[in-house]
Amino acid sequence: MALPATAWAGPAPATLDAVQVQAARVHAVDDFDLPASMTTLGVDEDANGRGALVSEALGGVPGLLARERQNLAQDTQLSIRGFGARSTFGVRGVRLLADGVPATMPDGQGQLSHFNLLGAERIEVLRGPFSALYGNSSGGVVQLWSADGQAGDPWRLRASIGSDNSRSLGLQLRGQTGAMHYNVAASDYRTDGWREHSAARRESLNARLGFDLAPGQRLDLLFNVLDAPHAQDPLGLSADQVRADPRQATAVAHQYDTRKSVRQAQAGAVYTLERARQTWRLMAYAGQRTVEQFLAIPPAAQASSLHSGGVIDLDGAYGGVDARWAWHGALAGRPLELVIGANADGQRQHRTGYENFAGDVLGTRGRLRRDQRDRVGNVDQFAQAWWQLGPRWSLLAGARHSRVRFRSDDHYIAAGNPDDSGRRDYTATTPVAGLVFRAGEDLRLYASAGRGFETPTFNELGYRADGGAGLALDLSPATSRTYELGAKWRSQAGARLELALFRADTDDELAVASSVGGRSSYRNIGATRRQGVELGWRQPIGETQQLQLAWTWLQATVREGYLTCTGLPAPCTVPRNPVAAGTALPGVPRQQLHARWRWQPGPWQLALETVAAGATVATDLGHERAPGYALLNLEAARQWRTAHGPLRLFARVDNLLDRRHIGSVIVNDGNRRYYEPGPDRGWTLGLEWQWGRNE
């Protein structure tokens with residue numbers, strides 16, 4: 001999907017261009033006429049203090065919850081309509097892409113950390129049945145697009161400082177030289193962290209180079225590098241610890257110096273050829289990712305010959321290709337858009353585990369306890385068609401067939417630790433269809449339905465719930481059926497209103513079995529249901545103001561009772577505590593709200609923002625929960641024209657009323673440290689200079 005429209009930022013209303021659904025591109029069709037819930041967020045160059053972290057840019061999307069954990073060792077918690085909420089590490093259940101290149105690995109695990117906002121133009125979010133066309137692990141889709149450099153584009157330098165000794169520095173070079181369009185953005189972010197033992201830094205480089213080869217031919221080269229060394233992990237807190245001091249780190253975090261280092265580099269190429277009614281697109285990408293993580297697992301717990309240690313070391317490579325053909329014609333005298341394509345992706349990783357102590361020294365790499373080589377690959381084929389049935393009706397339908405293969409070769413075989421090699425194949429076909437009724441020039445009604453599936457990731461396969469060695473290859477994929485009814489309205493003055501009612505029924509739901517010392521195991525729990533309402537509203541007020549509102553009501557529950565290890569001593573190999581049907585799924589608040597008022601009088605800009613979420617259950621049993629909260633944020637900026645380009649001073653205050661709250665939860669933590677407190681009042685002050693134009 002690729003909606004070039006950006007957020008309203010001035011007196012003139014924005015004109016929405018035609019949409020391109022990236023899973024299967026639909027040309028010359030406005031997103032307003034598609035039976036899907038899609039939101040486009042312009043990454044505003046006037047983001048006053050927002051933008052160092054992706055979660056800060058994702059506000060205002062109904063159904064999406066992005067929770068910053070005050071723990072950059074574990075990345076953002078991201079969920080869409082409750083999918084992905086259980087993840088204790090990274091992003092899963094939601095598909096991520098950057099400039100059309102997958103940012104989600106073939107196994108379904110993704111990271112937001114390498115999304116570089118400085119060079120971005122927009123972020124697109126797709127919710128509902130049509131996200132299934134992206135294949136495995138796509139309960140929703142988040143895609144970042146870099147701006148395409150054009151002649152006369154400005155270069156810019158941005159610097160900011162803030163609470164907890166946070167500071168960022170970024171440089172973007174964007175423009176056009178001959179037939180080459182370029183957008184290169186480099187950023188450096190550092191913080192001592194709001195909580196103890198949570199210091200981190202991230203260095204990121206993103207480059208997009210586009211070449212106009214000939215009329216109708218385009219080649220884009222994409223490069224991305226991320227370096228995030230030694231991000232400290234403060235771990236979660238118990239309810240008593242939160243009441244005593246929410247900024248503290250768990251004692252074992254200091255004792256074992258819990259931390260994580262991530263390095264990633266990837267490159268991609270996209271070739272597009274347009275001829276008359278046909279479009280060909282070929283994409284290829286490859287990357288390398290290394291992770292080293294120190295966990296807080298006591299030496300006594302590692303005494304078993306089956307234990308894989310307290311240090312995780314992953315070194316992996318990944319890549320893939322995607323080819324698609326689109327045809328634009330007519331059927332029975334009515335416009336028809338057809339796309340057919342296929343893609344293949346592969347991932348290899350060398351997983352080793354070590355003791356997290358050497359002699360009496362804790363937090364140090366010790367003896368080898370695990371050595372295995374894991375591989376996963378998928379081959380998918382897909383097709384999609386959009387047809388204008390009549391003057392007031394249109395149909396969008398498609399299907400994708402996926403085959404995902406996991407394989408693990410165990411190279412650590414010792415007394416009491418047998419060969420744990422194994423393999424598992426998953427296949428699924430995910431059809432989707434939607435119908436749109438044109439009720440008026442400014443009103444659309446639609447209905448859609450589809451199937452989706454989600455395999456376990458290597459992170460979920462990594463540890464067996466029974467405590468044994470090797471991968472948890474007995475896990476089954478989760479399959480879902482999603483239904484949606486919606487309405488879209490927009491006015492010529494720029495107002496926009498979207499309403500969606502949805503239900504998603506999932507079988508063989510994948511859930512956290514236990515999470516101890518930063519290491520989580522998973523199991524299939526049976527049937528669940530997610531249903532709710534989403535409302536999005538954007539309203540210009542006069543020529544200088546805008547009001548934006550996003551509200552979600554989501555009921556996520558268990559449909560079939562099951563037994564859990566939650567509340568039982570670890571390690572737990574036989575679940576005995578019953579979870580009744582109707583129990584709320586952990587990690588999912590019932591309601592969430594994002595409201596933003598913006599006023600832009602002359603060179604000034606002011607914004608007031610409210611972010612609220614309901615109580616969030618932290619365990620399968622529902623006996624622990626984080627209370628709901630409502631926070632108020634304030635922004636201000638002033639711009640001056642100079643002979644060398646505009647200069648802008650910006651400031652932001654988060655949690656203006658200094659409310660205590662829980663920012664995120666660690667689902668089913670075995671040590672009952674479920675809570676990750678959110679920060680108290682914080683501030684950001686920055687300066688940005690653009691040169692190359694004067695306006």
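Small disclaimer: the values here were computed from a predicted structure and weren't measured.
- Cation-pi geometry between R496 and F32 is not met: the NZ or CZ atom fails to fall both under 6.0 Å from the ring centre and inside 45° of the normal.
- Between Y675 and T616, the side chains place no donor N or O within less than 3.5 Å of an acceptor N or O (distance only, hydrogens not considered).
- Every residue meeting the salt bridge (Lys or Arg N to Asp or Glu O under 4.0 Å) condition with R481, not counting sequence neighbours, appears here in chain and number order: D507.
- Side chain to side chain, T39 and R127 meet the donor-acceptor criterion of an N or O pair below 3.5 Å.
- Between E498 and K488 there is no salt bridge, since no side-chain N of the basic residue sits under 4.0 Å from a carboxylate O of the acidic one.
- Between the side chains of S160 and S168, at least one donor-acceptor pair of N or O atoms lies under 3.5 Å.
- A search for side-chain contact (heavy atoms from CB on, under 4.5 Å) contacts involving A66 returns S55, L58, L64, T76, L78, not counting sequence neighbours.
- D192 and N165 are linked by a side-chain donor-acceptor pair at a separation below 3.5 angstrom, with hydrogens and angles left out of the test.
- Using cut-offs of 30° and 60° for the angle between ring planes, the Y674 and H623 rings count as perpendicular.
- Between the side chains of Q172 and R156, at least one donor N or O lies within less than 3.5 Å of an accepting N or O.
- Between E676 and R195 there is no salt bridge, since no side-chain nitrogen of the basic residue lies less than 4.0 Å from a carboxylate oxygen of the acidic one.
- Legend: residues meeting side-chain contact (heavy atoms from CB on, under 4.5 Å) with Q555, ordered by chain and number and at least two apart, are Q531, W553, T557, R590.
- With respect to E560 and R529, no salt bridge is recorded, no charged nitrogen being found less than 4.0 Å from a carboxylate O.
- Classification of E484 and R81 as a salt-bridged pair holds, one side-chain N sitting under 4.0 Å from a carboxylate O.
- The environment of CZ in R672 is sparse: at most 12 heavy-atom neighbours from other residues, nucleotides or ligands sit within 6.0 Å.
- With sequence neighbours left out, T583 forms a side chain to side chain donor-acceptor pair (under 3.5 Å) with no residue at all.
- Atom CD in Q546 sits 6.0 Å away from atom CZ in R538 (nearest 0.5 Å).
- Remark: D164 engages S166, T191, W194, R247 in a side-chain contact (heavy atoms from CB on, under 4.5 Å) (not counting sequence neighbours).
- In this structure, E635 does not pair ionically with R598, as no charged nitrogen and carboxylate oxygen lie closer than 4.0 Å.
- For H230, the NE2 atom sits in a loose shell: 12 or fewer heavy atoms of surrounding residues, nucleotides or ligands are nearer than 6.0 Å.
- Around the CZ atom of R659, the shell of radius 6.0 Å holds no more than 12 heavy atoms that belong to other residues, nucleotides or ligands.
- For L169, the side-chain contact (heavy atoms from CB on, under 4.5 Å) test picks out L157, A159, with sequence neighbours left out.
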Discussion item. Could you go through F502 and S448, starting from their C-alpha distance and side-chain angles, then the distance that decides it, and tell me whether this counts as side chain to side chain contact (heavy atoms under 4.5 Å, CB included)?
Written reply: CA-CA 9 Å; F502 61 89; S448 59; over 6 Å; no

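- F83 carries R530 over the face of its six-membered ring, with the cationic atom under 6.0 Å from the centre and within 45° of the normal.
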